[in-house]
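As the structure is a prediction and not an experimental result, all values here were calculated from the model.
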Amino acid sequence: MRTSKYAIRQLVEKALDIKKLTPEIENEINSELTQNGYISDVDYEALELLMAEMDAGRVKLVPSWGY
């Protein structure tokens with residue numbers, strides 16, 4: 001589990017870098033949301049960007065790292 005103030009943003013950056021949203025990244029994002037119980041403005045904006053990139057087809061939802 002990450003301890004950074006903006007862990008979700010860092011996870012989103014990872015997904016944007018590899019142009020894939022893996023189940024591992026998605027699970028880590030969900031864990032951060034569950035653990036914190038809230039979302040910072042920075043993390044919220046990062047998630048909005050991730051959703052926009054997915055909608056535009058620039059980031060793909062994949063079943064695992066290997067795909």
Taking atom [atom1] of [X] and atom [atom2] of [Y], what is their separation to the nearest 0.5 Å?
{"X": "Glu26", "Y": "Leu61", "atom1": "CD", "atom2": "CG", "result": "6.0 Å"}
{"X": "Leu16", "Y": "Leu21", "atom1": "CG", "atom2": "CG", "result": "9.5 Å"}
{"X": "Glu45", "Y": "Ile39", "atom1": "CD", "atom2": "CD1", "result": "10.0 Å"}
{"X": "Ile8", "Y": "Leu33", "atom1": "CD1", "atom2": "CG", "result": "4.0 Å"}

> For Glu13, what residues pass the salt bridge (charged side-chain N to carboxylate O under 4.0 Å, His left out) criterion, not counting sequence neighbours?
Replying inline: Arg9
> Taking all non-hydrogen atoms of both residues, which atom of Ile18 and which atom of Thr22 are closest, and how far apart?
Replying inline: CD1-CG2, 4.3 Å
>> To check you understand the geometry: which heavy-atom pair defines the closest contact between Pro23 and Pro63, and what is its length?
In response: CG-O, 2.8 Å
> Just wondering, do Leu47 and Ile29 contact through their side chains at under 4.5 Å, heavy atoms?
Replying inline: yes
In a table with atom names and distances, give each donor-acceptor pair under 3.5 Å that connects a side chain of residues 48-55 to protein atoms at least two apart or in another chain.
unit_1	atom_1	unit_2	atom_2	d
Glu53	OE1	Arg58	NE	2.8
Glu53	OE2	Arg58	NE	3.4
Glu53	OE2	Arg58	NH2	3.1

